[in-house]
Asks: 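Okay, handing you the structure first.
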Number of protein chains: 2
Amino acid sequence: MAGHGARSRSGGRPTLEEVAARAGVGRGTVSRVINGSPRVSDATRAAVEAAVDELGYVPNTAARALAANRTDAIALVVPEPETRFFAEPYFSDMLKGVGAELSETEMQLLLIFAGSDRERQRLAQYLAAHRVDGVLLVSVHADDPLPDLLAQLEIPAVISGPRSAAETLTSVDSDNYGGARSAVEHLLSRGRTRIAHITGRLDVYGAQRRVDGYREALLDAGHAVDEHLIQPGDFTEEGGRRAMKELLARRPDVDAVFAGSDVMAAGARQVLREEGRVIPDDVALVGYDDSAIARHMDPPLTSVRQPIEEMGRSMIDLLLAEIADRRPATSRGLERRQAVLATELVTRASS
Amino acid sequence: MAGHGARSRSGGRPTLEEVAARAGVGRGTVSRVINGSPRVSDATRAAVEAAVDELGYVPNTAARALAANRTDAIALVVPEPETRFFAEPYFSDMLKGVGAELSETEMQLLLIFAGSDRERQRLAQYLAAHRVDGVLLVSVHADDPLPDLLAQLEIPAVISGPRSAAETLTSVDSDNYGGARSAVEHLLSRGRTRIAHITGRLDVYGAQRRVDGYREALLDAGHAVDEHLIQPGDFTEEGGRRAMKELLARRPDVDAVFAGSDVMAAGARQVLREEGRVIPDDVALVGYDDSAIARHMDPPLTSVRQPIEEMGRSMIDLLLAEIADRRPATSRGLERRQAVLATELVTRASS
DNA sequence: ATCACCGGTGGGAGCGCTCCCACGGTACCT
DNA sequence: AGGTACCGTGGGAGCGCTCCCACCGGTGAT
């Protein structure tokens with residue numbers, strides 16, 4: 001049972017002290033070298049590095065965390081695992097970006113689920129215990145208490161998809177407004193004039209911004225906005241179906257639909273087909289997210305691509321900056337950080 | 001529940017010692033209570049628990065890890081983030097299961113990417129430093145050195161998708177053989193007789209097992225296996241296209257295709273449509289994975305569903321058992337653990 | 001010459017926990 | 001009665017690291 005002195009000499013990992021002995025220096029000096037302090041002579045540094053290599057020394061994270069009161073870990077908090085969010089490429093793409101950026105550092109990534117009440121309670125304990133240096137928040141609802149908890153505990157955090165225009169947390173977002181504009185402008189350029197919009201859940205800020213983009217693209221092109229062409233959806237396929245039916249009932253002459261998500265576009269497509277409307281001849285269709293569904297739809301769906309992987313990278317960058325800033329306890333001298341990344345319209349046969 | 005006056009003391013979280021003082025007992029006793037040791041009287045336990053509640057005590061993981069030489073963390077190693085694996089629901093579903101099962105415990109989940117060489121090297125260091133109590137391995141190639149490294153370091157590990165019939169690691173798998181059988185039996189029951197199979201990469205054990213299931217389902221139904229109807233694919237859409245073209249060239253009278261993945265089925269469908277074959281009238285099509293693509297394909301694709309979430313749960317169960325077994329240093333007295341979970345055929349319009 | 005200073009260094013003092021030994025007490029033997 | 005067996009309990013001794021203070025010798029200023 002790995003007793004205290006038991007495995008120390010045989011199989012155990014070398015310690016700082018052993019490296020120090022080997023390099024003929026003190027413990028403090030080795031620590032300085034490991035942590036990249038500049039206050040070490042070149043000769044000493046070289047000797048220590050040699051010893052580290054020879055012994056295959058790897059710092060003990062637990063000891064470091066205990067002594068330095070930091071964890072070198074950040075948490076990615078995933079709310080409601082059962083939603084579309086999790087199944088969409090969104091999550092994995094973001095993770096890809098996060099992972100890539102993180103691999104440049106010594107930080108480790110913790111995945112924390114906060115779906116059930118039980119999980120959320122555990123999370124609160126977790127944060128209270130300061131077991132991570134920072135937190136990444138994704139797809140958070142407007143009324144979620146988590147951001148406030150983080151602010152109160154003074155734990156650095158970055159949120160993807162700000163909750164409102166007045167988001168207080170550092171945030172990363174894609175340009176929902178611009179993305180929506182580009183979709184509508186594209187449809188206009190294809191000669192469509194009666195362009196409907198199936199919105200996402202309007203308590204999601206990004207969905208609101210897409211509506212804004214839709215409106216202003218029309219206005220800027222000299223078209224009036226017909227409120228009957230704006231139909232609220234909820235990001236689900238069934239919601240897309242319902243919205244499309246409603247639209248067709250109200251404005252049978254609709255000649256284009258901009259859906260706030262690919263999934264809703266898929267629902268809309270089903271209804272259009274059932275009603276005998278040919279895509280894109282009768283009705284052009286544009287989605288949002290550029291997910292796998294878009295590529296595999298029949299016809300393939302024009303969609304707005306978000307740079308999700310870059311958003312992941314961005315989140316890490318901002319979070320690390322935030323953590324670094326807080327280290328020397330400069331207190332709250334930080335300006336509010338924010339990143340908004342550009343979207344791209346991927347044109348396919350549906351429009 | 002929230003610590004009242006305790007929290008206001010600026011000095012940070014309460015320690016074991018403070019809890020002990022408050023409860024009027026020694027440090028060791030509090031430790032025993034926290035860790036659920038039975039060697040504590042009921043009265044003492046109650047007093048300690050009260051003190052814990054009042055102070056809002058949460059154990060310091062770093063200190064515990066340092067003293068006890070364990071981490072209470074397990075790692076999920078994700079190889080090659082760029083593959084289909086990551087984008088498919090596979091990953092998120094598995095994560096869902098893993099998360100659900102893990103939330104019953106105190107363990108935390110680390111996500112480690114092992115795509116690039118750099119990342120793999122970091123991973124090796126990680127493992128060498130024993131920074132996790134156990135490892136979850138997913139979608140590992142047959143020639144990956146990782147499993148051997150884990151065995152050598154004696155780190156408990158569970159692999160999803162064994163690399164071969166002789167897999168030495170504890171493994172969790174879905175019943176690829178049975179899944180393939182059910183697909184073929186279904187096609188036979190629909191009166192199809194010239195059933196082709198587009199295989200996955202045959203260096204993947206699961207893909208081999210699907211071929212086995214395909215063969216034996218035919219044989220058991222009294223049909224000969226026509227090797228010309230077995231066409232190797234590679235799990236990609238383009239591979240599915242190529243395979244389908246080849247099949248049509250060789251056996252134009254094929255009346256059903258069982259593809260080893262939905263993505264390959266999507267490729268096959270494109271070719272079938274290009275060649276004017278109607279699904280399912282001319283050719284029935286069955287996929288594997290029951291992914292989003294299957295539901296959104298036109299016509300919707302019959303597919304074999306794997307209980308991925310349960311596989312995730314299973315992996316955790318097995319890993320925790322393995323870790324627990326290793327704790328009292330019973331050495332290698334463990335039988336080889338293995339779990340194989342049943343699949344389910346989801347019938348849709350394509351067959 | 002003296003003094004102040006500074007870069008480079010060694011090592012003590014913890015960080016908060018677990019492990020384990022020692023200890024007093026009770027219960028049961030001989 | 002003494003002995004032996006436990007219980008439940010307290011607290012010392014670390015775990016491997018960072019932090020920080022003291023120290024040393026070499027500068028440049030006085």
Asks: Quickly work out the A:N69 CG to D:dC17 C1' distance and round it to whole Å.
Replies: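 Value for this atom pair: 13 Å.
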Asks: Without decimals, in angstroms, what is the distance between B:R39 CZ and D:dA5 C1'?
Replies: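 Rounded to whole Å, this separation is 13 Å.
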Asks: Closer to the 5' end of DNA chain C via nearest nucleotide, is it B:V30 or A:S41?
Replies: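 Result of the comparison: A:S41.
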Asks: Both B:G26 and A:A63 contact DNA chain D. Taking the nearest nucleotide for each, which residue is further toward the 5' end?
Replies: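 First, find each residue's nearest nucleotide; the 5'-ward one identifies B:G26.
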Asks: Which residue, B:P38 or A:P59, contacts DNA chain D at a nucleotide closer to its 5' end, judged by nearest heavy atom?
Replies: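 This one resolves to B:P38.
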Asks: Between B:L102 and B:I74, is there a side-chain heavy-atom distance shorter than 4.5 Å?
Replies: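 With C-beta onward as the side chain, the pair touches.
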Asks: Against B:L146, only a single residue in B:V140, B:V135, B:V77 fulfils side chain to side chain contact (heavy atoms under 4.5 Å, CB included); can you say which?
Replies: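 Result: among B:V140, B:V135, B:V77, B:V77 is the only option passing the side chain to side chain contact (heavy atoms under 4.5 Å, CB included) with B:L146.
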Asks: Does a side-chain N or O from B:T29 land closer than 4.0 Å to OP1 or OP2 of D:dG10, or not?
Replies: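 For D:dG10, OP1/OP2 do have a side-chain N/O of B:T29 under 4.0 Å.
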Asks: Distance check needed: C:dT18 P versus B:R64 CZ, whole Å only.
Replies: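 Interatomic distance, CZ of B:R64 to P of C:dT18: 5 Å.
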Asks: Rounding to an integer number of Å, can you tell me how far B:E106 CD sits from C:dC17 P?
Replies: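 Between P of C:dC17 and CD of B:E106: 14 Å.
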Asks: To the nearest Å, give me how far apart CG (A:L55) and P (D:dG16) are.
Replies: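 After rounding, the reported distance stands at 14 Å.
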Asks: Counting only side-chain N and O atoms of B:S31, is one of them less than 4.0 Å from OP1 or OP2 of C:dT18?
Replies: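 Checking C:dT18 against B:S31, a side-chain N or O does come within under 4.0 Å of OP1 or OP2.
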Asks: Charged N to carboxylate O below 4.0 Å: is that the case for A:R337 and A:D317?
Replies: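 No.
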Asks: Indicate yes or no for a side-chain donor-acceptor contact from B:E18 to the backbone of B:T15 under 3.5 Å, with no hydrogens or angles considered.
Replies: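 Judged by distance alone, yes, a pair lies under 3.5 Å.
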Asks: Which listed nucleotide (C:dG16, D:dG8, C:dC19) is nearest to the side chain of B:N60?
Replies: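 Given the options C:dG16, D:dG8, C:dC19, the side chain of B:N60 is closest to C:dG16.
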Asks: Determine the contact category for B:N35: base if any of its heavy atoms lies under 4.0 Å from a base atom, sugar-phosphate if only primed atoms, P, OP1 or OP2 are that close, otherwise nothing.
Replies: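 Contact class for B:N35: sugar-phosphate only.
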Asks: So if I take every side-chain heavy atom of A:R27 and compare against D:dG10, C:dT9, C:dA13, which nucleotide ends up nearest?
Replies: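 That would be C:dA13.
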Asks: Please pick, from C:dG16, D:dG8, C:dT9, the nucleotide with the shortest atom-to-atom distance to any side-chain atom of B:L66.
Replies: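 Shortest atom-to-atom distance from the side chain points to C:dG16.
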Asks: Answer yes or no: is there a side-chain heavy-atom contact under 4.5 Å between A:V48 and A:V40?
Replies: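 Counting from C-beta outward, A:V48 and A:V40 never come under 4.5 Å.
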Asks: So does B:D148 get a backbone contact from the side chain of B:Q152, meaning a donor-acceptor N/O pair under 3.5 Å?
Replies: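 Answer holds: no.
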Asks: For B:D133 and B:T71, indicate whether the former's side chain and the latter's backbone hold a donor-acceptor pair under 3.5 Å.
Replies: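 Looks like yes, one N/O pair under 3.5 Å.
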Asks: By nearest atom, which of the nucleotides D:dC15, D:dT9, C:dT9 is closest to the B:T44 side chain?
Replies: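 Nearest listed nucleotide: D:dT9.
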Asks: Closest approach to the side chain of A:T15, judged atom by atom: which nucleotide of C:dC17, D:dT18, D:dG16 is it?
Replies: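 From the listed options, D:dG16 comes nearest.
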Asks: Figure out the CD/P separation between A:E18 and D:dC15, and round it to whole Å.
Replies: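 Those two atoms, CD and P, are 11 Å apart.
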Asks: Tell me: CZ of B:R13 to P of C:dG16, nearest whole Å?
Replies: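 Whole-Å distance recorded here is 12 Å.
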Asks: At how many degrees, to 10°, do the end axes of the helix from C:dA1-D:dT30 to C:dT30-D:dA1 meet when each uses five pairs?
Replies: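 If I round to tens, the end axes sit 50° apart.
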Asks: Donor-acceptor pair under 3.5 Å: do we get one between B:R32's side chain and the base of D:dG10?
Replies: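 Answer yes: a donor N or O sits under 3.5 Å from an acceptor.
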Asks: Is B:R45 close to B:D42 at the side-chain level, that is, under 4.5 Å between some pair of heavy atoms?
Replies: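 They are in side-chain contact.
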Asks: Calculate the interatomic distance between A:E17 atom CD and C:dA13 atom P; express it in whole Å.
Replies: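 Between P of C:dA13 and CD of A:E17: 14 Å.
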